[in-house]
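In what follows, a single structure is set out as structure tokens and then discussed.
Keep in mind it's a predicted model, so treat the numbers as computed, not measured.
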Amino acid sequence: MFPKYDIIVVGAGHAGCEAANAAAKMGSKVLLVTMNMNTIAQMSCNPAMGGVAKGQIVREIDALGGHSGIITDKSMIQFRMLNRSKGPAMWSPRTQNDRMRFAEEWRLALEANPNVDFWQEMVSGIVVKDNRITGVRTGMGLEIEADAVVLTNGTFLNGIIHIGEKQFGGGRTGEKAATGITEQLVELGFESGRMKTGTPPRVDGRSLDYTLMEEQPGDEKPGKFSYSDETTSLKEQRSCWITYTNLDVHDTLRTGFEQSPMFNGRIKGLGPRYCPSIEDKINRFAERERHQIFVEPEGWDTVEVYVNGFSTSLPEDVQYKAIRQIKGFENAKMFRPGYAIEYDFFPPTQLKNTLETKLIDNLFFAGQINGTTGYEEAGCQGLMAGINAHQNVHEKDPFILSRSEAYIGVLIDDLINKGTDEPYRMFTSRAEFRILLRQDNADLRLTELGHKLGLADDKRLEKVFDKRNDVKRLLNDLKQKKIEPQQANDTLAAHNTAGIKEKTNLLNLLKRPQIGMEAIHSIDDNLSTYLNQYEEEIQEQAEIQIKYESYIDKERKLAEKISGLENYKLNPDFDYSEIPALSAEAKEKLKDIKPATLGQASRISGVSPADVSVLMIYLGK
């Protein structure tokens, strides 16, 4: 019935879609298996992409030739660049999206890929021979052969949904859980755990009074995620709105605490620290009189609204009563209640840095199965798993991104070396080289790598070369073009910075914190016309490189120094107990994680600098 596939991808969420699309673009024959063809790329939680650090990840996926950025642009209803008041290392793009169009665009993209086949059914197990994957087994008992398998099961593995004292099996509301895989993997020697996440109620936007809320419009000049010419910026945007809980809301929510699965012990899974439920917030921060609620439209044409900040698993009647006490929600009609969901995951220290499992050859894990949370974290893992599954099947070198190359590299390195005891979410603070890893230069960092893999096309590469050359040309122009004091001093005074006494080049003026490209434009109309031969993106890139030159150089040198440790290769089968000078904890962690390099060993929790020195001396011998 089925041919033998190069790769089978199990699950069609954000990780599964990226994995299937990437491997198929690279030339592998891929089967994407999902329990429901109608929920491919479903935005299970909020209808948004990007945000702090997550926006950088979407840009990186796009720069490599993945598809999340393009899908996001095609379905966005609002664009905002967050943290503009901070330095460019913190700038993070975020969009509100049309939930239905997002899923539709992903499905259309996958169907347009001739190397992707589809099958709708639950996968109940994998087929393994001599510690190597050979295919999957479905709920109907079908066996489908493949050289590699990527598991992207999301929240479906033995998923249990909680609403107050009610609980029932499910991977998402209205969809059944996936069973069988966890039990088999544990039998094969994998360690599993439980995690928990939640979602808020959805309400009817027609029943809300927006005049009582604060409007949150999109950027005046909206950007986009993808570096390609396939998408364009928005000409029209939908606003979001902000309102707040109050003490009456909190008191009402507390009446349901005794029935809360969070507080009565029914939920055992580890919940997300940085996206707590509303009951958790009012319990942990009892001194606060209000909490912010973001009111997010779910699309261009639907009245459904996502109540961001009100995630809950309390009984539905308590949810309904409490939500109607929020300003603007007095007459709110609820479409569906919020709920919590518990699901199985597998601690990611059981993976190689390619996301292939250590126990079973050519079996890859990506997304929430690895203990992460968020569409963006899932999407980039799917992309990397799809790439490396293709590389393995076709006997090519693995593709690994370092911590100094991409946020994707930081995420995977964190997961495989440190593991996670709560749903992992990316933050800029996790990246020690975040000045290098900005959202504005992901194409300059990664598109050449994506092109070598066969993911980014020639047009993309040409665009990167043009951008690099234009920035270089503009920097040279700014260095050569000099301004007289009488031309510049009025502008400098208006920006609270000292005037100049002699001819000064524009590059030196831009090094001043108070002076940006906008100020340079205001010096002289002819100068502004001259600079406008360069696109806004080129001008911004040049300004960033000028202002942060010393910081960028410092980080680059540090990254080069640290990367030297990656040259020291470690045998994964080495017996660390043979080195008596290593600490007991280091021996245990090194034996468990089996690092490939001394650099990787140095980032393992429990391996001290002294242990690294001992290893270096031993390797020197």
> Can E18 and H67 be said to form a side chain to side chain donor-acceptor pair (under 3.5 Å), step by step?
Replying inline: CA-CA 7 Å; E18 283 289 2; H67 222 66; over 6 Å; no
> Got a donor-acceptor contact below 3.5 angstrom from the N246 side chain to the V249 backbone?
Replying inline: yes
> Going through the distances and angles, do F365 and F190 end up as a side chain to side chain contact (heavy atoms under 4.5 Å, CB included)?
Replying inline: CA-CA 12 Å; F365 292 171; F190 287 90; 4.1 Å; yes
>> Under a 3.5 Å distance rule, please check whether R202 uses its side chain to pair with a backbone N or O of F335 as donor and acceptor.
In response: no
> Does the side chain to side chain contact (heavy atoms under 4.5 Å, CB included) test come out yes or no for F79 and D73, once each step is laid out?
Replying inline: CA-CA 9 Å; F79 180 93; D73 288 350; 5.8 Å; no
> In this structure, which one of R59, Q56, Q439, K54 forms a side-chain hydrogen bond (donor to acceptor under 3.5 Å, both in side chains) with S92?
Replying inline: Q56
>> Given D117, which partner from the list L31, V33, I8 fulfils the side chain to side chain contact (heavy atoms under 4.5 Å, CB included) test?
In response: L31
> Can you tell me how far the CE atom of M37 sits from the CZ atom of F118, to the nearest 0.5 Å?
Replying inline: 5.5 Å
> What's the spacing between I181 CD1 and F346 CZ if we round to 0.5 Å?
Replying inline: 8.5 Å
> What pair of heavy atoms forms the shortest contact from A22 to L383, and how long is it?
Replying inline: CB-CD1, 3.7 Å
> Minimum heavy-atom separation for T243 to K327, with atom names?
Replying inline: OG1-O, 2.9 Å
>> Could you measure the distance from the CG atom of D414 to the OG1 atom of T420? Nearest 0.5 Å is fine.
In response: 9.0 Å
> Got a donor-acceptor contact below 3.5 angstrom from the D344 side chain to the R194 backbone?
Replying inline: no
> Would K224 and T231 satisfy side chain to side chain donor-acceptor pair (under 3.5 Å), going step by step from the backbone distance to the final call?
Replying inline: CA-CA 8 Å; K224 63 191 187 87; T231 63; 3.0 Å; yes
>> Are the side chains of R336 and E316 in contact, using a 4.5 Å heavy-atom criterion?
In response: no
>> Test salt bridge (charged side-chain N to carboxylate O under 4.0 Å, His left out) on R94 and D219; report intermediate values, then the result.
In response: CA-CA 10 Å; R94 184 185 189 274; D219 286 352; over 6 Å; no
>> Tell me the closest heavy-atom pair linking D421 and M195, and the distance in Å.
In response: C-CE, 4.3 Å
> Looking at side-chain heavy atoms only, is the closest gap between F364 and L351 below 4.5 Å?
Replying inline: no
>> Looking at E287, I want to see if its CD is surrounded by more than 12 non-hydrogen atoms of other residues, nucleotides or ligands under 6.0 Å.
In response: yes
> For atom CZ of R284, is the number of surrounding heavy atoms from other residues, nucleotides or ligands below 6.0 Å larger than 12?
Replying inline: yes
>> Quick check against the 3.5 Å criterion: does Q167 have a side-chain atom that pairs as donor or acceptor with the backbone of I161?
In response: no
> Who are the side chain to side chain contact (heavy atoms under 4.5 Å, CB included) partners of A15, not counting sequence neighbours?
Replying inline: T152, A366, A378
>> If only side-chain N and O atoms count, and only distance matters, is there a donor-acceptor pair under 3.5 Å linking N97 with T95?
In response: yes
> Looking only at atom types and distance, does a side-chain atom of Y210 sit under 3.5 Å from a main-chain N or O of E215, one as donor and one as acceptor?
Replying inline: no
> Ignoring hydrogens and geometry, is there a side-chain-to-backbone donor-acceptor pair from R290 to R288 under 3.5 Å?
Replying inline: no
> Step by step, would you call D209 with T211 a side chain to side chain donor-acceptor pair (under 3.5 Å)?
Replying inline: CA-CA 5 Å; D209 186 350; T211 64; 2.4 Å; yes
> Please walk me through it: do Q216 and W241 pass side chain to side chain contact (heavy atoms under 4.5 Å, CB included)?
Replying inline: CA-CA 5 Å; Q216 190 181 45; W241 304 82; over 6 Å; no
> In chain order, what residues pass the side chain to side chain contact (heavy atoms under 4.5 Å, CB included) check against T373, with sequence neighbours excluded?
Replying inline: P423, R425
>> Does the Lys NZ or Arg CZ of R107 fall within the cation-pi geometry relative to F102 - under 6.0 Å from the ring centre and within 45° of the axis?
In response: no
> Is a side-chain N or O of E296 found less than 3.5 angstrom from the main chain of N46, in a donor-acceptor match?
Replying inline: no
>> What verdict does the side chain to side chain contact (heavy atoms under 4.5 Å, CB included) test give for M35 and V123, after you've listed the backbone C-alpha separation in whole Å, the side-chain angles of each residue and the deciding distance to 0.1 Å?
In response: CA-CA 8 Å; M35 292 198 292; V123 168; over 6 Å; no
> What are the two closest non-hydrogen atoms of L436 and S404, and how far apart are they?
Replying inline: CD1-O, 4.4 Å
> Under 6.0 Å from the CD atom of Q292, do we count more than 12 heavy atoms belonging to anything else shown?
Replying inline: yes
>> Quiz question: by atom type and distance under 3.5 Å, do the side chains of T357 and Q350 form a donor-acceptor pair?
In response: no
> Are side-chain heavy atoms of P47 and Q96 found at a separation under 4.5 Å?
Replying inline: yes
> How many angstroms lie between CG in L253 and CG in N283, if you round to the nearest 0.5 Å?
Replying inline: 11.5 Å
> When R460 is tested against each of D229, D62, T447, D443 for side-chain hydrogen bond (donor to acceptor under 3.5 Å, both in side chains), which residue passes?
Replying inline: D62
> Do H250 and T245 have side-chain N/O donor and acceptor atoms under 3.5 Å apart?
Replying inline: yes
> Are E279 and T312 linked by a side-chain donor-acceptor pair shorter than 3.5 Å?
Replying inline: yes
> Just checking, any donor-acceptor pair under 3.5 angstrom between side chains of S239 and Q78?
Replying inline: no
> Is the closest side-chain heavy-atom distance between Q368 and F156 below 4.5 Å?
Replying inline: no
> Which is it for R438 and D440 under the salt bridge (charged side-chain N to carboxylate O under 4.0 Å, His left out) test, yes or no, and what are the steps along the way?
Replying inline: CA-CA 5 Å; R438 306 183 310 276; D440 59 88; 2.9 Å; yes
> Atom CD1 in I242, atom CD in E214: separation rounded to 0.5 Å?
Replying inline: 5.5 Å
>> Pairing donors with acceptors under 3.5 angstrom, does anything connect the side chains of R434 and T428?
In response: no
> Any donor and acceptor pair, going by atom type alone, linking the side chain of Q381 with main-chain N or O of G367 inside 3.5 Å?
Replying inline: yes
>> Give me the atom names and distance for the closest heavy-atom approach of F225 to G50.
In response: CZ-CA, 3.9 Å
> Does a donor on one side chain sit under 3.5 Å from an acceptor on the other, for N158 and Y343?
Replying inline: no
> C380 and I408: which non-hydrogen atoms are nearest, and at how many Å?
Replying inline: CB-CG1, 3.7 Å
> Within 45° of the ring axis of W91 and under 6.0 Å from its six-membered ring centre, is that where the NZ or CZ of R84 lies?
Replying inline: yes
> Between R101 and E104, is the closest basic N to carboxylate O distance under 4.0 Å?
Replying inline: no
> Any sub-3.5 Å donor-acceptor pair from Q319's side-chain atoms to L314's backbone N or O?
Replying inline: yes
> Just how far is it from atom OG of S429 to atom CD of E432, taken to the nearest 0.5 Å?
Replying inline: 11.0 Å
>> So does L208 get a backbone contact from the side chain of N331, meaning a donor-acceptor N/O pair under 3.5 Å?
In response: no
